[in-house]
Asker: 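Quick one: structure below, then a few questions.
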Amino acid sequence: MNTLQIIVLGIIQGLTEFLPISSSGHLVLIPKIFGYTDQGIIFDIAVHLGSLFAVVLYFRSDLREMVSSISGFQKNNSERDLKLFLYLVI
């Protein structure tokens, strides 16, 4: 894989991750359409971990509040945070 292929697939992953379509499917279709070589499972895992890292980084304060509410570190446990945590788990 060259740098351009990595950039294209990274952008596709970022754009399709939050749409109600398969971002993994796009990582298979785009190389076939453009004639790229198979990037392999390690690359797919890396871009998915990158998406996860971006989401965790963006929502870090919300995640911190949810973890605090379920662990009892906060005196005023927010019912909203606890519900949100349970919804995420489900």
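Note that the numbering runs from 1 along the sequence shown for the chain. Just so it is clear, the model here is predicted, and its values are computed rather than measured.
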Asker: Could you tell me which residues satisfy side-chain contact (heavy atoms from CB on, under 4.5 Å) with Ile45, sequence neighbours excluded, listed by chain and number?
Answerer: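 So Ile45 forms a side-chain contact (heavy atoms from CB on, under 4.5 Å) with Ile41, Leu49.
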
Asker: Taking all non-hydrogen atoms of both residues into account, name the closest pair between Ile30 and Val8 and its distance.
Answerer: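 Closest approach of Ile30 to Val8, heavy atoms only: CG2-CG1, 4.3 Å.
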
Asker: According to a hydrophobic-cluster definition based on side-chain heavy atoms being under 4.5 Å apart (Ile, Leu, Val, Met, Phe, Trp, Tyr only), do Leu63 and Val89 belong together?
Answerer: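 Linked, Leu63 and Val89 end up in one cluster.
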
Asker: Is there a path from Val56 to Tyr58 through hydrophobic residues (I, L, V, M, F, W, Y) whose side chains come within less than 4.5 Å of each other?
Answerer: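 Same hydrophobic cluster.
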
Asker: How far apart are the closest heavy atoms of Thr37 and Pro31, and which atoms are they?
Answerer: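 The pair with the smallest heavy-atom distance is O-CB, 4.4 Å.
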
Asker: Find the distance between CZ (Phe34) and CG (Leu4) and round it off to the nearest 0.5 Å.
Answerer: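 It comes to 9.5 Å.
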
Asker: Hydrophobic side-chain clustering at under 4.5 Å (ILVMFWY, transitive links): who's grouped with Ile11? Put none if nobody.
Answerer: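 Reading the cluster by chain and number, Ile11 sits alongside Ile7, Leu15.
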
Asker: Starting from Leu9, can I reach Val28 by hopping between I/L/V/M/F/W/Y residues whose side chains sit under 4.5 Å apart?
Answerer: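 Different clusters: Val28 never reaches Leu9 through Ile, Leu, Val, Met, Phe, Trp or Tyr contacts under 4.5 Å.
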
Asker: The test is side-chain contact (heavy atoms from CB on, under 4.5 Å); show your working for Ser24 and His48 and say whether it passes.
Answerer: CA-CA 9 Å; Ser24 297; His48 280 69; 3.0 Å; yes

Asker: What heavy-atom pair brings Leu27 and Gln39 nearest, and what distance separates the two atoms?
Answerer: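 Heavy atoms only, the tightest pair is O-NE2, 2.7 Å.
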
